[in-house]
2 protein chains.
Amino acid sequence: MALGTDYPRQDCGIARSLELIGERWTLLILRDCFLGVRRFTDFQTHLDVSRGVLASRLDALVAEGLLERVGDGHPSYELTEDAIGLWPALLLLAQWGDERTSPGRPRRTFHHVGCGTLGRDGRCTTCDTAPHPRDVETRRGPGADPTLRDDAVSRALRVPHRLLEPLQT
Amino acid sequence: MALGTDYPRQDCGIARSLELIGERWTLLILRDCFLGVRRFTDFQTHLDVSRGVLASRLDALVAEGLLERVGDGHPSYELTEDAIGLWPALLLLAQWGDERTSPGRPRRTFHHVGCGTLGRDGRCTTCDTAPHPRDVETRRGPGADPTLRDDAVSRALRVPHRLLEPLQT
DNA sequence: GTCCTTTAGTTCGATGAACAGACCAAACCA
DNA sequence: TGGTTTGGTCTGTTCATCGAACTAAAGGAC
């Protein structure tokens with residue numbers, strides 16, 4: 001909760017959320033975690049964020065209990081259960097942003113493994129439940145723009161894979 | 001899309017969303033719109049944001065098509081249909097933030113008018129649909145902290161009322 | 001119409017955050 | 001044991017935010 005990032009007199013859950021995830025880059029770091037990114041360098045490669053800001057955001061997320069620093073050598077950053085609870089909101093935000101800037105052609109699609117596709121409300125169109133991200137596979141969608149970047153992390157993210165599973169780079 | 005607020009090389013719906021609503025204060029302005037706030041001074045009273053930032057955020061939201069400036073005298077700011085599409089995501093964020101900082105005691109509750117209460121997934125616990133915000137009533141919840149502020153807008157917001165209806169001040 | 005108050009901003013100087021790039025130390029690898 | 005990769009920190013500059021003062025237009029009372 002650094003200066004200029006909190007809303008001390010707003011008695012509201014959205015304000016409380018923004019104090020945790022509202023700073024620039026934070027939500028994209030969490031998105032990458034869901035997609036399987038785990039290492040400092042991979043975040044940096046994929047996000048083009050300055051190393052100083054990345055280090056400070058990771059520290060804050062660990063301090064807030066949204067990420068865990070795992071391993072004794074070079075650390076691996078993993079989502080906690082609390083952070084995984086953000087998944088439904090994150091999915092809706094992604095769908096809203098896609099729909100608004102690329103109607104009918106999402107940049108990425110999500111699928112209930114062995115069942116159906118996740119629709120506009122985040123529910124599986126086949127079984128009408130909202131699956132845990134562990135049971136969700138992501139694929140590049142028709143609106144994806146492969147010319148934007150060509151680093152190793154982006155290439156790995158183009159391969160269909162489950163959420164929360166460490167990325168193969 | 002001011003400088004330092006966009007993510008030009010992120011091919012992702014979340015990044016597109018954040019370019020529209022990711023700046024400090026923007027999401028709280030939209031929240032206030034859902035709650036019925038419409039006028040410049042009321043936003044300023046309720047948010048403690050500097051007048052310069054508020055003016056710049058309102059301009060940006062109008063330019064992006066999320067708000068409409070209505071009336072020829074002192075303007076009234078109203079949500080467009082595009083912005084109303086953010087409601088499900090906003091509700092999930094509010095619930096996540098409440099649950100994380102005040103478990104079991106939300107600061108505000110939402111109810112499907114004439115039906116039931118909105119649960120953790122944003123659906124009515126009685127009819128199992130996700131109602132349009134027009135059909136949602138909001139009330140202060142058990143976790144509300146009335147000592148935080150006592151301006152006219154906050155007082156009006158403590159009275160149960162429908163979303164999207166202009167506030168009685 | 002004329003004065004007065006409220007509303008909706010703009011402007012300004014000071015402070016704090018983000019940025020790119022250089023630097024550094026620990027981990028890991030042959 | 002020496003070199004490379006990884007995971008940072010440090011620094012100077014640029015940009016955003018802040019509170020406070022100022023201004024112009026709108027609306028109300030008479």
Side-chain angles (χ1 to χ4, degrees), chain A residues 1-10 15 18-29 32-33 37-63 67-78 151-153 166-167 169, chain B residues 1-10 15 18-29 32-33 37-63 67-78 151-153 166-167 169:
Chain A
M1 259 188 256
L3 240 167
T5 67
D6 57 346
Y7 305 96
R9 298 194 49 222
Q10 291 296 310
L18 290 176
E19 290 172 346
L20 297 171
I21 59 163
E23 283 181 286
R24 184 157 161 77
W25 296 112
T26 300
L27 215 52
L28 296 185
I29 292 171
D32 273 10
C33 290
V37 180
R38 293 286 177 273
R39 318 266 313 224
F40 188 93
T41 308
D42 286 344
F43 288 115
Q44 219 263 316
T45 302
H46 188 230
L47 292 173
D48 301 319
V49 59
S50 85
R51 308 172 74 76
V53 170
L54 178 58
S56 120
R57 293 296 186 277
L58 290 171
D59 280 350
L61 286 167
V62 169
L67 290 184
E68 235 179 319
R69 209 177 250 115
V70 175
D72 27 330
H74 291 158
S76 169
Y77 294 92
E78 315 225 344
D151 55 88
V153 179
L167 210 57
T169 45
Chain B
M1 257 187 261
L3 242 168
T5 67
D6 57 347
Y7 305 95
R9 298 193 49 221
Q10 291 295 312
L18 291 176
E19 288 171 347
L20 298 171
I21 59 164
E23 282 182 288
R24 182 158 164 77
W25 297 112
T26 301
L27 215 51
L28 295 185
I29 293 171
D32 274 10
C33 291
V37 180
R38 293 283 178 275
R39 320 260 318 215
F40 189 93
T41 308
D42 286 344
F43 289 115
Q44 220 263 317
T45 302
H46 189 229
L47 292 173
D48 302 318
V49 60
S50 85
R51 308 174 75 75
V53 169
L54 178 58
S56 121
R57 292 295 186 278
L58 290 171
D59 280 350
L61 286 167
V62 169
L67 290 184
E68 235 179 320
R69 207 179 252 114
V70 175
D72 29 329
H74 292 160
S76 168
Y77 293 93
E78 315 224 343
D151 55 88
V153 178
L167 210 58
T169 45

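Note on naming: letters A, B, ... go to the chains in the order of the sequence lines (proteins, then strands), and numbering restarts at 1 for each one.
- Residues B:C33 and B:L67 approach most closely at SG-CD2, 3.8 Å, considering heavy atoms.
- The nearest whole Å value for the distance from the CZ atom in A:R57 to the C1' atom in D:dT9 is 16 Å.
- Side-chain contact between B:V62 and B:Y77 is present, with heavy atoms from C-beta onward closer than 4.5 Å.
- Summarising the geometry, the separation between CG on B:L18 and P on C:dA18 is reported as 14 Å, rounded to the nearest angstrom.
- Listed for the B:R69 side chain is no donor-acceptor partner under 3.5 Å among the backbone atoms of B:L58.
- A:E23 places its CD atom 15 Å from the C1' atom of C:dC19, with the value rounded to the nearest Å.
- Rounded to whole Å, the distance from CG on B:D48 to P on D:dA20 is 12 Å.
- We find that CD of A:Q44 is positioned 11 Å from C1' of D:dG8, with the value rounded to whole Å.
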Legend entry - Footprint string (nucleotides 1-13 of chain C, 5' to 3'): B base within contact, S backbone only, - free, heavy atoms under 4.0 Å: ------SBBB---
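- For A:W25, no side-chain nitrogen or oxygen approaches OP1 or OP2 of C:dA17 to under 4.0 Å.
- For the side-chain hydrogen bond (donor to acceptor under 3.5 Å, both in side chains) test, no residue two or more places apart in sequence or in another chain qualifies with A:T45.
- A:D6 places no side-chain N or O within donor-acceptor distance of the main-chain N or O of A:P8, the cut-off being under 3.5 Å.
- Atom-to-atom, OH of B:Y7 to C1' of C:dA18 comes out at 11 Å; the value is rounded to the nearest Å.
- Here D:dT6 presents its C1' atom at 15 Å from CG of A:D72, a figure rounded to the nearest Å.
- Side chains of B:R57 and B:F43 form no contact here, defined as non-hydrogen atoms less than 4.5 Å apart.
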